[in-house]
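A note on names: the letters A, B, ... follow the listed sequences, proteins ahead of strands, and every chain is numbered from 1.
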Amino acid sequence: MFGNLTNLEGRLFDEFKRVEQELDQMFGRWTWPTGIRALAGGSFPPINVASTPEQVDVYLFAAGLDPQGLDISIQQNLLTVAGTRKVEREEDAEYYRQERFDGDFRRVITLPDDVDPERVEAAYKNGVLHIGVQRHVATKPRQIKVK
Amino acid sequence: MTENKDAVTPKLGEVQPQRERDPALRPPVDISETSEGITLRADMPGVSREGLNIRVDKDTLSIEGDLAVDMPEAGEVIHADLRYAQYRRSFALSGELQTDSIEARLKDGVLTVRIPKRVEVRPRKIEVRVD
């Protein structure tokens, strides 16, 4: 589920994994084309994207970040968010589980074509980075008269 | 397959969620131990202090949180890595942990829970007498 899950998981999850692999073999996971920039599930940080006629809202669920260290850029309709998450570790402690993401991350999100790269806002609250991108003013439907 | 008990940590074993409840997100955790106690850190982005619920019931520590983001009302979700609006995970505590003095802190979506050990079970230095 998470890329950096190094500890042992319960046998139940091994069993799920095995069933999943068998299903992949049977039906072929790669038959359907996926987005060229699509990442495997479980990438950090998880992203949700919502859209309204006025704007596109991107939410990156990245707890415990320093927002000053984030690198957010947009090129046409391609939004890139890169940064580093440093997880605090205690020196003298013994660790049983280390599932939380630690290190550099980078995610590229393809937005709808009609976004305006000049009008982007970003805010970080409760561990969620919210990026709002305005869309170009939608042209109203026009009546076309046949001469 | 009937034995689902987590064998990773004998002191803070994970409890499998009850089947009848709504599906929820399983927050990733780091669990560490020192001679003083156990520290659990969980990533729960989108959870505010008001939406967080930490309970100890007998020997089970449950952490729950509501994922709340300011989504536009008329918004249509076009991509969702996170599909549930709640985080939930629970752990079985062992007897030497002092469950009545658990401390919890939430900052930028990171929950830190400290569970101290009872004073009488903390390791003591044993002097070796040389005659």
Counting neighbours of [atom1] on [X] that are heavy atoms of other residues, nucleotides or ligands and sit closer than 6.0 Å, is the number greater than 12?
X	atom1	value
Glu90(A)	CD	yes
Arg119(A)	CZ	yes
Arg118(B)	CZ	yes
Gln98(B)	CD	yes

Test of understanding: clusters of I, L, V, M, F, W, Y form through side-chain heavy atoms closer than 4.5 Å, transitively. Do [X] and [Y] belong to the same one?
X	Y	answer
Ile63(B)	Val110(B)	no
Ile74(A)	Val49(A)	yes
Val69(B)	Leu111(B)	yes
Val87(A)	Tyr124(A)	no

Between atom [atom1] of [X] and atom [atom2] of [Y], what is the distance when rounded to the nearest 0.5 Å?
X	Y	atom1	atom2	value
Leu82(B)	Ile47(A)	CG	CD1	10.0 Å
Lys125(A)	Ser48(B)	NZ	OG	7.5 Å
Thr52(A)	Glu76(B)	OG1	CD	10.0 Å
Met44(B)	Asn126(A)	CE	CG	11.5 Å
Thr110(A)	His79(B)	OG1	NE2	10.5 Å

(request) Could you have a look at Ile78(B), Asp43(B), Thr34(B) and say which one has the most heavy-atom pairs with chain A under 4.5 angstrom? (result)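 Of the options given, most contacts go to Asp43(B).
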(request) State whether the side chain of Asp30(B) and the backbone N or O of Arg100(A) hold a donor-acceptor pair below 3.5 Å, judged by distance alone. (result)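 Pair found, side chain donor or acceptor close to backbone of Arg100(A).
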(message) Using only atom types and a distance under 3.5 Å, with no angle test, would you say the side chain of Asp81(B) pairs donor to acceptor with the backbone of Pro46(A)?
(response)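 Checked: no pair found.
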(message) Taking the basic N atoms (NZ, or NE/NH1/NH2) and the acidic carboxylate oxygens, is any pair closer than 4.0 Å for Glu88(A) and Lys107(B)?
(response)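 A salt bridge is absent here (no side-chain N lies under 4.0 Å from a carboxylate O).
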(request) Answer yes when Glu99(A) and Arg41(B) have at least one side-chain N-carboxylate O distance shorter than 4.0 Å, and no when they do not. (result)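 Here Glu99(A) does not pair with Arg41(B) in a salt bridge, since their nearest N and O are not under 4.0 Å apart.
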(request) Check whether Val58(A) gets within reach of chain B through its side chain, its backbone, both or neither, counting any heavy atom under 4.5 Å. (result)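 Contact with chain B is absent: no heavy atom of Val58(A) under 4.5 Å.
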(request) Check each atom of Glu94(A) against the heavy atoms of chain B and say whether the ones under 4.5 Å are side chain, backbone, both or neither. (result)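 Contact with chain B is through both the backbone and side chain of Glu94(A).
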(message) Is Leu67(B) close to chain A through its backbone or its side chain, or both, or neither, when contacts mean heavy atoms under 4.5 Å?
(response)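 Just its side chain gets close to chain A.
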(request) Can you tell which part of Val77(B) gets under 4.5 Å to a heavy atom of chain A, answering side chain, backbone, both or neither? (result)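 For Val77(B), backbone and side chain are both near chain A.
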(message) Please give me the minimum heavy-atom distance between Val128(A) and Pro45(B), naming the atom from each residue.
(response)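 So the two residues come closest at CG2-C, 3.7 Å.
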(request) Using heavy atoms and a sub-4.5 Å threshold, report which of residues 59-69 of chain A line up against chain B, by residue number. (result)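 Counting heavy atoms that sit under 4.5 Å from chain B, the residues of residues 59-69 of chain A involved are Tyr59(A), Phe61(A), Ala62(A), Ala63(A), Gly64(A), Leu65(A).
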